[in-house]
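The structure appears right after this line, and notes come after that.
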Amino acid sequence: MHRFLRISVLLTGLFAAVSVYAAESLQTTQMTEDSLGPLVEQPIEFPHNRHAGDAGKGGMEINCMYCHTYARRSAVAGIPPLQKCIGCHQGIESVREAPRIKKLFEYWDAKKAVPWKKVHDLPDFVRFNHERHIKRFVEQQNRPFQEVCGYCHGDVKEMTVARRSKALSMGWCASCHQKDHAVVAEGGTQIGSQAYWYTFYKPEATDGSTDVLKAKGPNDCWQCHK
Amino acid sequence: MSISNLLENWSQFRHTHPVEDKPHDPYKWAMSIDLDACSGCNACSVACYAENNLPVVGKEKYANGQVMHWIRIEHYWDEDVGEEGGREFPDQGAQFLPMMCQQCEAAPCETVCPVGATNHTPDGLNSQIYNRCIGSRYCSANCPYKVRYFNWYDYPSTENIWPAEMTQQLNPDVTVRGKGVMEKCTFCVQRLAAAKVTAKSEGRIVQDGEVQTACQQACPTSAISFGNLVDPESRVHKQWRAQQVELDKDKQAKDEKEGGTELRGYRILEDMRPYPSVMYLERVRESAI
């Protein structure tokens, strides 16, 4: 009996010790509520909902491309320069004394860039191209920017500081690349006559009645891995 | 590519040399190397080290066969060198042959990988995925050209190959490989990917000369040409056609004629049927030195 008690006490102690250790080691990188990525604290709590949100909810409905302008013409979306923030905000007197705007102008006066932190950070061995995805879905498919950006970045116009809301794992990327997407939709621009696939799956006019050309995303390893 | 996709469509990933229902389109990257122009200067190898973040392993590891050169210059000496030979110096009569991954269409390395880390890409490259590689080294054992190199050490961290201030010179478009993975020449796939993206966004295919491999760029005698074999206007396509070398044949016009022929193009170990993507042009002049 005593031995049994001793063992159970020992096991309880061990369990407690392990869970305390696990809890402590987890706290080193705090995760978002749904564990989709590390919680990133920004130097200024940027309200995406105020800038990009719907007018009915007090948003300005600014296009994603106004600030994240590199996304449509290069591989990386980049960080908007401070000049872009100031360009608008020096003319907006009503919020000039707000604490976050004051902080923004402190960076401006000190001639220092705001040290924004990366939220959607892909591993170094992944090659991702923003331009291609925007060309594919915005230009060829005529879909709105907010929807297309949202495929990977979530509903940013509802967020304050952007946070990860998609898994951004390989399986998650591949789940979309395996789908048949129409190559050109109504109102979209046909880009290239034959060079839109690099996979073994050539686009096929699967639906005989509408003759819509469909294609899967690239599926060879070297397309994304480097 | 998920594991289920890999298993279900295995035959597609085991795709070998172009067959009628799956021709290479729009790209098939290929190379041709003029051995008559090659002077054995090793600039290609140096360029490759710089472009692809290759570790310089040092004398001791070199002697152990752990060198990581993706492109190497092989030396061959004339047979008559020796005591009775007609040459004054043994170094005379050297022949050089740059050897890198031949990106075989029916690659012996691909079929033996236990985890599918090395696959064929639709543009005719033999891809190597470091994340999937478990380091069985079976591919290297099966490679007839011996151009696969294994990371026996963790060069970036434990071997201090790139000290802190030198990490700035690493190419960000190429992974710095860790311990326990196989690596090999990629035909500078990072450059190909960038060129393809530009071309695709402009609605065309990559034009000849738009993309160069690092070795080609560094070659002082322009011995290396690289391009899209599908494109009839490309230099590589023209060279292959002039030499009557065909990608999906294991016997070329040059082999069928007895004795002398004007054709110089050949591929190495062609009769083993790996269908390599690199054509060499035989040396015409007597000796490199």
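Letters go in sequence order (proteins before strands), and every chain restarts at 1. Here the structure is a predicted model, which is why all the values come from computation and not from measurement.
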Applying the side-chain hydrogen bond (donor to acceptor under 3.5 Å, both in side chains) criterion to B:S201, which one of A:R72, A:R132, A:E139 satisfies it? A:R132
So which part of B:T186 gets closer than 4.5 Å to some heavy atom of chain A, the side chain, the backbone, both or neither? both
Spacing of B:L125 atom CG and A:C221 atom SG [to the nearest 0.5 Å]: 12.0 Å
Heavy-atom cut-off 4.5 Å, strictly under: side chain, backbone, both or neither for B:N126 against chain A? backbone
Within a 6.0 Å radius of atom NZ on B:K146, are there more than 12 heavy atoms belonging to other residues, nucleotides or ligands? yes
Tell me, yes or no, whether the heavy-atom count around B:Q169 atom CD, taken from other residues, nucleotides or ligands under 6.0 Å, exceeds 12. yes
Non-hydrogen atoms of A:W222 and B:K184 that approach each other most closely: CH2-NZ, 4.2 Å
Any chance you could measure B:R132, atom CZ, to A:H225, atom NE2, to the nearest 0.5 Å? 7.5 Å
How about A:F105: does its CZ atom have over 12 heavy atoms from other parts shown lying under 6.0 Å from it? yes
Assess whether atom CZ of A:F145 is packed by more than 12 heavy atoms of other residues, nucleotides or ligands within 6.0 Å. yes
Does B:V189 reach the side chain of A:R127, with side-chain heavy atoms less than 4.5 Å apart? yes
Over 12 foreign heavy atoms within 6.0 Å of CZ, B:R273: no
Identify the two heavy atoms, one from B:D173 and one from A:K226, that lie closest to each other, and give their separation to 0.1 Å. O-CD, 3.2 Å
Does atom CD of A:Q83 have more than 12 heavy-atom neighbours, drawn from other residues, nucleotides or ligands, at distances under 6.0 Å? no
Exceeds 12 heavy-atom contacts within 6.0 angstrom, atom OH of A:Y151: yes
Before you tell me yes or no, could you show the steps for B:K196 and A:Q223 under side-chain contact (heavy atoms from CB on, under 4.5 Å), namely the whole-Å CA-CA distance, both residues' side-chain angles and the distance that decides it to 0.1 Å? CA-CA 10 Å; B:K196 281 200 296 187; A:Q223 192 72 38; 4.1 Å; yes
